[in-house]
S.K.: 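Questions regarding the structure given below will be posed in turn.
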There are 4 protein chains.
Amino acid sequence: MAKPEKRDEIIRAAMELIAEHGFHGAPMAAVAEKAGVAAGTIYRYFESKDDLIRETHAHVEARILAALTQNYPVEQPVRERFLHIESKLIAYFLESPMEFRFMEQFFNSPFGVAHRREKLFGNKEKNIIFKLFEEALEQRAIKDLPLPVLCALAFGPLVDVCRDHILEFIILDDMLIEQTVAACWDALKR
Amino acid sequence: MAKPEKRDEIIRAAMELIAEHGFHGAPMAAVAEKAGVAAGTIYRYFESKDDLIRETHAHVEARILAALTQNYPVEQPVRERFLHIESKLIAYFLESPMEFRFMEQFFNSPFGVAHRREKLFGNKEKNIIFKLFEEALEQRAIKDLPLPVLCALAFGPLVDVCRDHILEFIILDDMLIEQTVAACWDALKR
Amino acid sequence: MAKPEKRDEIIRAAMELIAEHGFHGAPMAAVAEKAGVAAGTIYRYFESKDDLIRETHAHVEARILAALTQNYPVEQPVRERFLHIESKLIAYFLESPMEFRFMEQFFNSPFGVAHRREKLFGNKEKNIIFKLFEEALEQRAIKDLPLPVLCALAFGPLVDVCRDHILEFIILDDMLIEQTVAACWDALKR
Amino acid sequence: MAKPEKRDEIIRAAMELIAEHGFHGAPMAAVAEKAGVAAGTIYRYFESKDDLIRETHAHVEARILAALTQNYPVEQPVRERFLHIESKLIAYFLESPMEFRFMEQFFNSPFGVAHRREKLFGNKEKNIIFKLFEEALEQRAIKDLPLPVLCALAFGPLVDVCRDHILEFIILDDMLIEQTVAACWDALKR
DNA sequence: AATGAATGAGCTTTCATTCAT
DNA sequence: GATGAATGAAAGCTCATTCAT
């Protein structure tokens, strides 16, 4: 197996184990076995378990961002672009429940807090979502609230309904997805 | 120290350690030290670590429910009652950030999933929130959506903004709280 | 409850718990609960767990010796007396499986070794069995072997069959008991 | 140290500690230290302490069986074969007192009971001893008694005298061994 | 570069014993 | 005398990480 494939296998194994069993339930030996490598090999690609977790997160985040960006209707009004992002995100999570569960584990941990802090206050380039909200604010299309509050209104319910679907508390069909996304827009719009 | 005080001290210690460091940042030895008892003493009050966690959750949940119920405006329209609950909940969380963080850890764990499943599908008496949503649905005051979705719209953003406040990503003043709660209502209302 | 009754209750509780679950499975707290006293109370009657075990053994041993001595046919030939002892012993063990199991636990432990050493080499008065063997040796009724070997031939099989009966590997009826005892005599007799 | 040697060292350490101090005088840390490995290492070779004990027993049992089978006089009458087995067994135990004491601990424990039950009622191939007794029964060379009773008569005294020798209550010289074995045969023979 | 056996600190839990009431 | 809550050492076991091969 060539080098980058091995790295990917390790990340995939870590992601699935963490998604299913939490950080606790993903010992390095189990990650190694699932990835088809020796335990020591992981340490050639990642400095430590923490590093592996952060890199796994970066990997998943990149895939999610790619999914959101695909067919992004740049030319359309903010409302349409918002609905696009929300729908794509829900669709992605429902198709990739492992990645969803991994992200939940990640955010609900010291890693996630550090990551959000960096995103909000660091000097990294703003992502597509932040840009959309800023444009919407300028156009006075949405309520004049701080970015974190807008994110909360837009994504808080979305994440909750995805979780409930994955846990089989509800069944999210197209109709319900549309209604949920519309309700989130109601929360945001002026 | 009398018996119930010791139990309370242990619960408080567990709650704070779990809030700050998660379940695996809260070894029983640390809980014991923080509570000012010997490690073995915990097992006079709780069968196991799992039991301690569940009892800690029950303790916090009872306190939250008490806070919501206090001065609950039974006679007023559903919208006012909804605003009451949301405001009280935010107020409680901001005053008790440890309890908030504990609840987050709890819900994001096998305990939390089991607890929600029981709440949704078990035969326990419906709580004040479920009752309010059902009344609101009957009056056609809110969108006709499944209970879990309504909860997501009402509490998803609320929890997010509380977390952001506690992590000092934003500062939730009275004005901002009011606006956030109003936005949640916008998401729900027909 | 008067003092000696309490002591007896503790001994009975210890005996039964040790018989059923071994020394491991008889924590002092369980002994106390079974005896209907507080944990600390045991230490008024016995210095330590070891002491309790030794006293429990002495208690059971005395009861067994009493059973053997009852109706002991002093006037009859050694063979008849031997058969009496063997039969009484088997009868006692089958009626009191708890005591049998306790004795097995006891002998198979450091306590038991010390106790036998004391019995063989100490200056305590010889018991009925030792006296019987010595008389039989004088009369040249049995093989000229050291006392421990005679005990082994006489009681080794007996203990084994009692254990097998209690564990339900065999059913010891009167016929089988008689045959077994007779076989033991065959081993001893000249 | 190569892999199988390490496993053997652990078994040897466990066997000796259990022989000398019983199951609860053999904590895993002590076994590890005596074997010259780290505590965790044991768990690479054995699933649990129970597993280690069972494997240690299997190891010792295999060695004993090998000793009995060596030079087994297949062609000779049952009596000679019986005397062979008894003598070899005594010889083996006296040469390997640790293994003898380990086996005593093992049989006097839940493990041993389960093991005997399996041997008596399971469908495993009969061992050399059971086969010998069955042949002897067919030839009407020995008393018509259930297998467990025959075992008791044959091995009960044998085990007792070995124990007494190891504990230095008696000294088993060749003469005494021969006499004891002969006495056991007297118990069995018609 | 890859392996996987070995490590040992750290986890949860038990229990003989003490002592303030 | 009796109580039983409290103690804390010690148990079995796990797992991130290292390193000789």
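All values below were derived from every heavy atom in this structure, side-chain atoms included, with hydrogens, water molecules and symmetry-related copies excluded. Chain identifiers are assigned alphabetically (A, B, ...) following the order of the sequence lines, protein sequences preceding nucleic acid strands; residue numbering begins at 1 within each chain. If you're wondering where the values come from, they're calculated on a predicted model, not measured in any experiment.
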S.K.: Hey, where does DNA chain E pair up into stems, meaning at least three consecutive Watson-Crick or G-U pairs with distances under 3.5 Å?
M.R.: E:2-21 with F:2-21
S.K.: Does a salt bridge link D:Lys6 with D:Glu9, judged by any charged N lying under 4.0 Å from a carboxylate O?
M.R.: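 Salt bridge between D:Lys6 and D:Glu9, a charged N being under 4.0 Å from a carboxylate O: no.
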S.K.: Not counting sequence neighbours, list each pair that qualifies as a salt bridge (charged side-chain N to carboxylate O under 4.0 Å, His left out) and has a residue in residues 56-66 of chain B.
M.R.: B:Glu61-B:Lys119, B:Arg63-B:Glu99
S.K.: Counting neighbours of CD on A:Glu20 that are heavy atoms of other residues, nucleotides or ligands and sit closer than 6.0 Å, is the number greater than 12?
M.R.: yes
S.K.: What nitrogen or oxygen pairs link the protein and nucleotides 17-21 of chain F at under 3.5 Å?
M.R.:
residue	atom	partner	partner atom	Å
F:dT17	OP2	A:Tyr43	OH	3.1
F:dT17	OP2	A:Lys49	N	2.9

S.K.: Pairs in or reaching into residues 49-59 of chain D: which pass salt bridge (charged side-chain N to carboxylate O under 4.0 Å, His left out), with residues at least two apart or in two chains?
M.R.: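 Sorted result for residues 49-59 of chain D: D:Arg7-D:Glu55.
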S.K.: Which ones in residues 13-27 of chain D lie close to DNA chain F, meaning a heavy atom under 4.0 Å from one of its atoms?
M.R.: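 Listed by number, they are D:Pro27.
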S.K.: Are there over 12 heavy-atom neighbours, none belonging to D:Glu118, within less than 6.0 Å of that residue's CD?
M.R.: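 For D:Glu118, atom CD is crowded (more than 12 foreign heavy atoms under 6.0 Å).
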S.K.: Find which nucleotide of DNA chain E each of A:Ala38 and D:Ile42 is nearest to by heavy atoms, and output the residue with the more 5' nucleotide.
M.R.: A:Ala38
S.K.: Minimum heavy-atom separation for B:Phe23 to B:Phe106, with atom names?
M.R.: CZ-CA, 3.9 Å
S.K.: Give, ordered by number, those residues of residues 103-114 of chain D having at least one heavy-atom distance below 4.0 Å to an atom of DNA chain E; if nothing qualifies, reply none.
M.R.: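 Those residues: none at all.
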S.K.: Just the rounded figure in Å: distance from C1' of E:dG4 to CZ of D:Arg44.
M.R.: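 Going from D:Arg44 (CZ) to E:dG4 (C1'), I get 6 Å.
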